[in-house]
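All remarks here apply to the structure that follows.
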Amino acid sequence: MRIAIPQDTERFGAVLIHSVQQVWELDAGLKQKKNSNSDPDIIRRISYEELHDIEEQMAIVVPMRNERIKLVEGVLCGIPNNCLIIIVSNSPRHQVDRFALEREAFERFSRFTDKEIIVVHQQDPAIAEAFRSGGYEEIIDPQTKLVRSGKAEGMLIATMLARLAGRKYIGFVDADNYFPGAVLEYVREYAAGFVMSTSRYAMTRIAWHSKPKIVEDTLFFAKWGRTSRNTNQLLNNLLAEYTGFETEIIRTGNAGEHALTMDLAMQLRYSAGYSIEPYHYINLFEQFGGLQGTTLQKKLIQERVEIFQIASRNPHMHDTDKGEGHIEDMTYAAMQVIYHSPICPAKLKKQLLEKMRKMKLLQKNSEPEDVIYYPPLTQIDLATFLAPLAERRYAGLLIPAEKHQSLPEIVPVS
Ligand code: GDD
Ligand code: MG
């Protein structure tokens, strides 16, 4: 892969946000040409070996609920063989057990391709028991006593499983992507971000090249969705309030396609449902922004948290049949987490209220509802979490308790 070096980097305490990087070549050949004219200060060539080395240590998570199996198979087909795949499904099990059909199809796929795949149901009582015995009650729905529904909650399950499988990196791709080639590209770009990073606390976020739509019988390649435009602007406003400089650096506020080092993934706080991605930024600023009352430590100031934003080349085409209400929910969720953050300045809060009322996301005189937050996953004892899962089909892919000392160490930031 050949990729542009970031043109610009903004800093918020220990958090470095690199500007969007263009991909120049998806495949840059086996070796650098002898008399190469490519300027290494502008463009970086990342070798197969470097990408492969990261992919071998990466788990790719596919969260899904009620997606067509054929569509998901395409996604699995795009994930490089060396990545461990973790599918967390929240599809219904009654009247028809859709999950049983999914699992059967994915296990067959795993046999045919020699890919390691963990398939888990979000509402599996053993998963709920694993969190409960690990003292992580926040994720349990008080009514059902099972893990709450939602994409974020599925992602947290997968993060624990990836950690227990000994992976050092974790990436996410939605299950409803129509282009296997785009999925392959995202995973390569996640790996490229980690190759470029100089910190053990790093995140790669994909800025989609475009989202094709049919407009009056013609294919139009839209750059931004409505939700993304709104979230990015608000996050940039937040940044500007602190730095005093207007900025457009954040382009990936809603990036469903993103990856993290395990060191970072285990230590972030998360928010529920679709607000999880914008909250990554908010929580990074809260924890490592160096503002009063935050948990920034000297060590981390030296280490830094690095955020890479990589512009993919494939158009992003996913299932768009999920309705207008869904878009509104996502827009609302992003605004809600920004509003409730203790670092949200009064001026921005006022702007948010006005905007939400104008967009009819909020009634007059009411405030956005409270958000459900999840504490860092590091607080869960791994052996305790693992015990209830001993009988599960995928248990063989997890590191047994007696070997947990061999798992990569998570270096605490607070
Ligand atoms: N495990 C699990 N549990 N998966 C879920 C759940 C759930 O309760 N709900 C949805 N999913 C899966 C979907 O099947 C899909 O694979 C993925 O999560 C994203 O859900 P979509 O409903 O397709 O969301 P979207 O396409 O509108 O939004 C995506 O892109 C946004 C950026 O534009 C999501 O990734 C958002 O999080 C992201 O902000
Ligand atoms: Mg989708």
Side-chain angles (χ1 to χ4, degrees), residues 60-69 71-76 78-79 85-93 98-99 102-103 106 118-124 127 139 141 144 146-161 171-179 182-183 186 205-211 213 222-232 234-235 250-259 270-281 309 312 315-337 372:
I60 294 294
V61 178
V62 184
M64 64 177 290
R65 181 178 57 193
N66 276 344
E67 303 293 355
R68 283 164 290 167
I69 292 178
L71 197 55
V72 189
E73 274 177 356
V75 169
L76 302 187
I79 300 174
I85 299 178
I86 304 178
I87 300 174
V88 183
S89 169
N90 198 18
S91 302
R93 305 207 65 175
R98 280 186 72 136
F99 174 66
E102 292 167 1
R103 184 167 57 188
F106 303 147
I118 293 178
V119 189
V120 35
H121 196 267
Q122 189 154 338
Q123 316 280 325
D124 177 354
I127 292 278
I139 203 166
D141 184 325
T144 62
L146 299 171
V147 169
R148 294 175 195 271
S149 279
K151 181 188 159 199
E153 291 70 8
M155 291 164 69
L156 294 191
I157 296 174
T159 306
M160 283 306 294
L161 295 175
F172 299 89
V173 283
D174 285 350
D176 61 344
N177 195 316
Y178 280 100
F179 295 157
V183 173
Y186 299 152
R205 300 169 77 89
I206 303 296
W208 297 329
H209 173 270
S210 61
K211 256 170 114 171
K213 292 182 184 166
K223 189 97 194 136
W224 304 109
R226 272 171 295 164
T227 304
S228 306
R229 197 188 293 272
N230 191 52
T231 307
N232 291 338
L234 291 166
L235 290 171
I250 298 179
R251 302 287 181 102
T252 54
N254 280 100
E257 267 64 44
H258 64 269
Y270 293 99
S271 62
Y274 285 111
S275 62
I276 186 164
E277 285 99 10
Y279 188 65
H280 284 146
Y281 276 107
Q309 307 182 90
S312 55
H316 185 88
M317 190 144 150
H318 69 137
D319 197 353
T320 48
D321 219 10
K322 291 174 178 160
E324 185 65 21
H326 177 62
I327 300 206
E328 284 190 352
D329 289 349
M330 284 210 303
T331 310
Y332 174 78
M335 294 168 99
Q336 199 186 5
V337 281
I372 297 175

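None of these values were measured; they are calculated from a predicted model. When a ligand or atom number is given, it counts from 1 through the structure's own listing order. Both backbone and side-chain heavy atoms feed into the values below; hydrogens, waters and symmetry mates do not.
- The N/O atoms of Val88, backbone and side chain alike, include one that comes under 3.5 Å of an N/O atom in ligand 1.
- Closest protein heavy atom to atom 21 (P) of ligand 1: Lys322 NZ, 3.4 Å.
- Of the candidates Ile327, Asp174, Ile276, it is Asp174 that places a heavy atom closest to atom 17 (C) of ligand 1.
- At least one N or O atom of Gly150 sits closer than 3.5 Å to an N or O atom of ligand 1.
- In terms of heavy atoms, His121 sits closest to Ser91 at NE2-O, 2.7 Å.
- Nearest protein heavy-atom neighbour of atom 25 (P) of ligand 1: His326 NE2, 3.6 Å.
- Checked against a 3.5 angstrom limit, the closest N/O atoms of Ser149 and ligand 1 fall outside it.
- Considering every non-hydrogen atom in both Leu235 and Gly253, the closest pair reads CD1-CA, 3.7 Å.
- Of the heavy atoms in Glu257, none comes closer than 4.0 Å to ligand 1.
- Side-chain atoms of Gln122 come within 3.5 Å of backbone N or O of Arg148 as a donor-acceptor pair.
- Residues Thr159 and Phe172 form a side-chain contact, since some pair of their non-hydrogen atoms from C-beta on lies under 4.5 Å apart.
- Atom ND1 is the N, O or S atom of His318 at the shortest distance from the Mg ion (ligand 2).
- Of all the atoms in ligand 1, the ones that sit under 4.0 Å from a non-hydrogen atom of Glu67 are 13 (C), 14 (O), 15 (C), 16 (O).
- The backbone N or O of Asp174 lies less than 3.5 Å from a partner atom in the side chain of Glu257, making a donor-acceptor pair.
- Protein heavy atom in closest approach to atom 39 (O) of ligand 1: Asn254 O, 2.7 Å.
- Not one N or O on the side chain of Glu67 forms a donor-acceptor pair closer than 3.5 Å with the backbone of Ser89.
- Nearest heavy-atom pair, Ser271 versus Tyr279, reported as atom, atom and distance to 0.1 Å: OG-CB, 3.2 Å.
- Within ligand 1, the atoms closer than 4.0 Å to a non-hydrogen atom of Ala175 are 16 (O), numbered from 1 in the order shown.
- Looking at atom 4 (N) of ligand 1, its nearest protein heavy atom turns out to be Met64 N, 3.2 Å.
- Nearest heavy atom pair, residue Asn232 against residue Ile250, reads CB-O, 3.5 Å.
- For atom 3 (N) of ligand 1, the closest non-hydrogen atom of the protein is Gln122 OE1, 2.8 Å.
- Residue contacts with ligand 1, taken as heavy atom pairs separated by less than 4.0 Å, involve His318 solely via side-chain atoms from C-beta onward.
- Below 4.0 Å from some heavy atom of Trp208 lie the following atoms of ligand 1, by number and element: 32 (C), 33 (O).
- The backbone N or O of Pro278 lies less than 3.5 Å from no partner atom in the side chain of His280, so there is not a single donor-acceptor pair.
- The atoms of ligand 1 that sit less than 4.0 Å from any heavy atom of Asp176 are 16 (O), 23 (O).
- Side-chain polar atoms of Thr231 and Asn254 form a donor-acceptor pair below 3.5 angstrom.
- Here's the thing with Ser228: none of its N/O atoms is less than 3.5 angstrom from an N/O atom of ligand 1.
- Among all non-hydrogen protein atoms, the one lying nearest atom 10 (C) of ligand 1 is Tyr274 OH, 3.6 Å.
- Taking every heavy atom of both residues into account, Gly171 and Ala259 meet most closely at CA-CB, 3.6 Å.
- The shortest contact between atom 12 (C) of ligand 1 and any protein heavy atom is with Pro63 O, 3.5 Å.
- Counting heavy atoms from C-beta outward, Phe106 and Val72 have side chains that approach closer than 4.5 Å.
- The distance from the Mg ion (ligand 2) to the nearest N/O/S atom of Asp176 is under 2.8 Å.
- Residue contact check: Glu277 has heavy atoms under 4.0 Å from atoms 36 (C), 37 (O), 38 (C), 39 (O) of ligand 1.
- Lys151 approaches Glu277 most closely through the heavy-atom pair NZ-OE2, 2.7 Å.
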